[in-house]
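Have a look at the structure below, then the notes.
Numbers restart at 1 for each chain; the letters A, B, ... are given by sequence-line order, proteins then strands. None of the values given here were measured: they were computed from a predicted structure.
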Amino acid sequence: GDSVTQMEGPVTLSEEAFLTINCTYTATGYPSLFWYVQYPGEGLQLLLKATKADDKGSNKGFEATYRKETTSFHLEKGSVQVSDSAVYFCALGDNQGGKLIFGQGTELSVKP
Amino acid sequence: DTAVSQTPKYLVTQMGNDKSIKCEQNLGHDTMYWYKQDSKKFLKIMFSYNNKELIINETVPNRFSPKSPDKAHLNLHINSLELGDSAVYFCASSPMSPGQGAYGYTFGSGTRLTVV
C-alpha cells in the first residue's frame with residue numbers, strides 16, 4: 001500500500017542554519033503531497049502542498065518540490081528561527097478515498 | 001470562530017468506562033475524519049465520513065463507533081476504554097469528495113485521552 005518515510009528526528013539546529021527534512025513516498029498513481037507542522041500542544045497545520053510532478057509548494061520561507069523520478073518531497077528552509085521548533089509531517093493524499101497517509105514525523109528543535 | 005472544534009480538550013477516565021469526543025466544523029466541508037496520534041507522534045486514520053456516509057473504516061476495534069448526525073458534526077464514542085486507547089485524537093475536515101483527489105485537511109486541536 002501507499003506509504004511515506006521521513007528522516008528520523010530529532011533534528012537540532014542553531015538559529016539561521018539551513019534546514020532539510022527528507023521525505024520519500026511509495027504510491028500507486030499520482031498522489032498529492034503535503035507538509036504539515038504541529039506546534040507543541042496544538043493540532044496540525046497545513047504548511048505547503050504540491051499536486052503534480054515538478055510543482056513547488058512554498059510558505060513562510062519553507063519550500064518543497066514534488067520529484068516524481070525520485071519519489072521525494074524534501075522540505076527546506078534557508079534560515080530557521082527558534083519559532084520553527086515543531087514536529088513536521090510529510091503526507092500523501094490518496095486520490096480515491098481522500099485520506100492522508102502521514103510519515104512518522106520529524107521533530108525540529110532550533111536553538112538560539 | 002474556530003474552524004474545526006473538538007471537545008473536550010483533555011479527558012481522563014478509568015478503564016472500562018464509556019466516553020465520547022465531539023467534533024464540529026464550520027467550513028462547509030463535505031468530509032470529516034478521525035485520526036489517532038500515539039505517544040511517538042505517529043498519526044493513523046480511523047474513520048472518514050462524507051456527507052454523513054461512512055467511507056473509510058480502518059482496522060479499528062469495534063469499541064470505537066463514529067456518528068455523524070449531519071455533515072458538520074462527527075462524534076467518536078468509545079466503549080469499555082482500555083489503557084492502550086490513551087492517545088491524542090484529532091478530528092479533521094476537507095472539501096473533497098471521494099474520487100476527486102485529496103485536498104489539505106483542516107485539523108482540530110486534538111483531544112488528549114488518558115485511560116487510568
A:E69 atom CD: more than 12 heavy-atom contacts under 6.0 Å: yes

Hey, is CD on A:Q81 packed in by over 12 heavy atoms from elsewhere, all under 6.0 Å? yes

B:E58 atom CD, neighbour heavy-atom count above 12 within 6.0 Å: yes

Report the C-alpha separation of A:F102 and B:Y35 in whole Å, then their side-chain angles, then the decisive distance to 0.1 Å, and conclude whether the ring-ring contact (aromatic ring centres under 6.0 Å, His included) test is met. CA-CA 11 Å; A:F102 287 88; B:Y35 275 78; 5.5 Å; yes

State whether the number of non-hydrogen atoms from other residues, nucleotides or ligands found under 6.0 Å of B:K44 atom NZ is greater than 12. yes

Do A:Y36 and B:F107 have ring centres separated by under 6.0 Å? yes

With a 4.5 angstrom heavy-atom cut-off, is it the side chain or the backbone of B:Q37 that approaches chain A, or both, or neither? side chain

Which answer fits A:E42, side chain, backbone, both or neither, if we ask what part of it has an atom under 4.5 Å from a heavy atom of chain B? backbone

Looking only at non-hydrogen atoms, find the nearest pair between B:K41 and A:F89 and report the distance. O-CE2, 3.3 Å

Side-chain (B:Y105) to main-chain (A:Q45) donor-acceptor, under 3.5 angstrom: no

Does a sphere of radius 6.0 Å around NZ in B:K22 hold more than 12 heavy atoms from other residues, nucleotides or ligands, not counting ones at 6.0 Å or beyond? no

Rounded to the nearest 0.5 angstrom, the CG-CG distance for B:L43 and A:L100 is 10.0 Å

May I ask you to check whether over 12 heavy atoms, not counting those of B:K9, lie within 6.0 Å of atom NZ? yes

